[in-house]
Amino acid sequence: MSDMIPIDTGVFGASANVDDGEIRVSLRGNADMRAVPDLAAFIPSVHAKAVETCVSSVTVDMLALEFMNSSCFRNFVNWLNWIRELPEARRYKLRFVGSRARHWQRPSLSALSLFAVGLVDIEFVG
Amino acid sequence: MTMMGTEPYDAPTYVELSFSPSAELVSVVRRFIAGFFDVCLEDAVRSDLLAMSVHELLENASKYSTDGISNIRVELQRVGAATQIGVSTWNRAEADDIAMLAELFERMHASPTPMDFYLQLMEQSTRSDKSQLGIGRVCAEAGMKMAFEADGGLVKIRAEATISTMPEGANDE
């Protein structure tokens, strides 16, 4: 079984829950350079769980994410690349839920959707 | 547009900072300069994108700084009906890192569009230990035009935009 060990550094947090066959990841705080090592360990564990449980999508809640730097963002690029490399029948989607009030999120998520066409859904709320 | 309830700013309005140690203070400086943009631009979308650019450029500067010191200057100036925005960072760096940055900027300027360049960097990042996404993010996500210069061991990166050249779709549904 893959352990999705939550991150809580005080300034940045990430957690993941499996509920009714779905995985939901919640990110919060400030993902700057100090968050990179933790996130680089966390995301592979979520991917492994998603593959293990054969989910069709993973929801990534960014509503409470103040900021994410490019080194942390790279972990999502890698994640999408791993999904792209799966056999087609085993691929799943990343469904990002962003905040309308955090304007940096929109172009970042749009870029991810161009990187992995068909594997990214984006919704903005708030 | 008015600034702080006064007359429009025809003279340059700027903030210039030097700080060390760099890595720990980048987010603090980003928040401070985001407040500067909020006051001067009165545009939350552009302020957010500019703050993101400041963060990426500062992390870049701090990553390559050989003496731990990073410097930034952010300036705004009205030019006709538009507002011109400039973000400059400078730091001392190793020759190998300067060469790597020069090559990165050559690739940027040779790419058909900023997004093409950014997507290339994303593909490259999946096969490399280095991210190098920050520069691509600034030009593709914030729509800033970027320049690089090196003089001896001093590296300077400048990003510029005018209000009219910022990405129109940044606040679209």
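Residue numbers start from 1 in every chain, and the chains themselves are labelled A, B, ... in the order their sequence lines are given, proteins ahead of strands.
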- Task: Report the C-alpha separation of Phe115(A) and Glu123(B) in whole Å, then their side-chain angles, then the decisive distance to 0.1 Å, and conclude whether the side chain to side chain contact (heavy atoms under 4.5 Å, CB included) test is met.
- Result: CA-CA 8 Å; Phe115(A) 173 75; Glu123(B) 293 289 353; 3.5 Å; yes
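- Salt bridge status for Glu85(A) with Arg127(B): absent, with no side-chain N to carboxylate O gap under 4.0 Å.
- The aromatic rings of Phe73(A) and Tyr118(B) lie parallel to each other, their planes meeting at an angle below 30°, with 60° marking the opposite boundary.
- Heavy-atom distances place the side chain of Met115(B), and not its backbone, under 4.5 Å from chain A.
- Atom-to-atom distance recorded for Ser62(B):OG and Met33(A):CE is 6.0 Å, nearest 0.5 angstrom.
- Cluster membership for Val60(A) and Ile5(A), using ILVMFWY side-chain heavy atoms within less than 4.5 angstrom, is not shared.
- Rounding to the nearest 0.5 angstrom, the gap separating the NE2 atom in His103(A) from the OG atom in Ser47(B) is 8.5 Å.
- Counting only heavy atoms from C-beta outward, the side chains of Gln132(B) and Ser70(A) never approach each other to under 4.5 Å.
- For the 3.5 Å distance criterion, the side chains of Thr126(B) and Asn78(A) fail to qualify, holding no donor opposite an acceptor.
- A donor atom on one side chain and an acceptor atom on the other are not found under 3.5 Å apart for Glu56(B) and Asn69(A).
- For the residue pair Ser108(A) / Arg137(B), a side-chain donor-acceptor distance below 3.5 Å is found, with atom types taken as modelled.
- Heavy-atom minimum distance, Ala111(A) versus Leu119(B): O-CD2, 4.0 Å.
- With chain B as partner, the option from Gln105(A), Arg102(A), Arg84(A) having the largest number of non-hydrogen pairs under 4.5 angstrom is Arg84(A).
- Between Glu59(B) and Asp32(A) the shortest side-chain heavy-atom distance falls below 4.5 Å.
- Electrostatic pairing of Glu141(B) and Arg106(A) does not count as a salt bridge here, judged by no charged N lying under 4.0 Å from a carboxylate O.
- Residue Met68(A) is not grouped with residue Leu63(A) when hydrophobic side chains (ILVMFWY) are merged at heavy-atom distances under 4.5 angstrom, including chains of intermediate members.
- Other residues, nucleotides and ligands contribute more than 12 heavy atoms inside 6.0 Å of the CD atom of Gln120(B).
- Of the inter-residue distances, the one linking Arg30(B) atom CZ with Asn30(A) atom CG reads 4.5 Å to the nearest 0.5 angstrom.
- Between Val77(A) and Leu133(B) there is a side-chain heavy-atom pair separated by less than 4.5 Å.
- Linking ILVMFWY side-chain heavy atoms closer than 4.5 Å, directly or via other members, places Val87(B) and Phe105(B) in a single hydrophobic cluster.
- Put simply, Tyr64(B) and Met146(B) are part of the same group of oily side chains (I, L, V, M, F, W, Y) that touch within less than 4.5 Å, one to the next.
- Looking at every heavy atom in both residues, Ala101(A) comes nearest to Asp48(B) through O-OD2, 4.0 Å.
- Clustering ILVMFWY residues whenever any of their side-chain heavy atoms sit less than 4.5 angstrom apart, transitively, puts Leu25(B) in the very cluster that holds Leu17(B).
- Heavy atoms of Glu66(A) lying under 4.5 Å from chain B belong exclusively to its side chain.
- Of all the listed residues (Leu80(A), Leu114(A), Val11(A)), the one sharing the greatest number of non-hydrogen pairs under 4.5 Å with chain B is Leu114(A).
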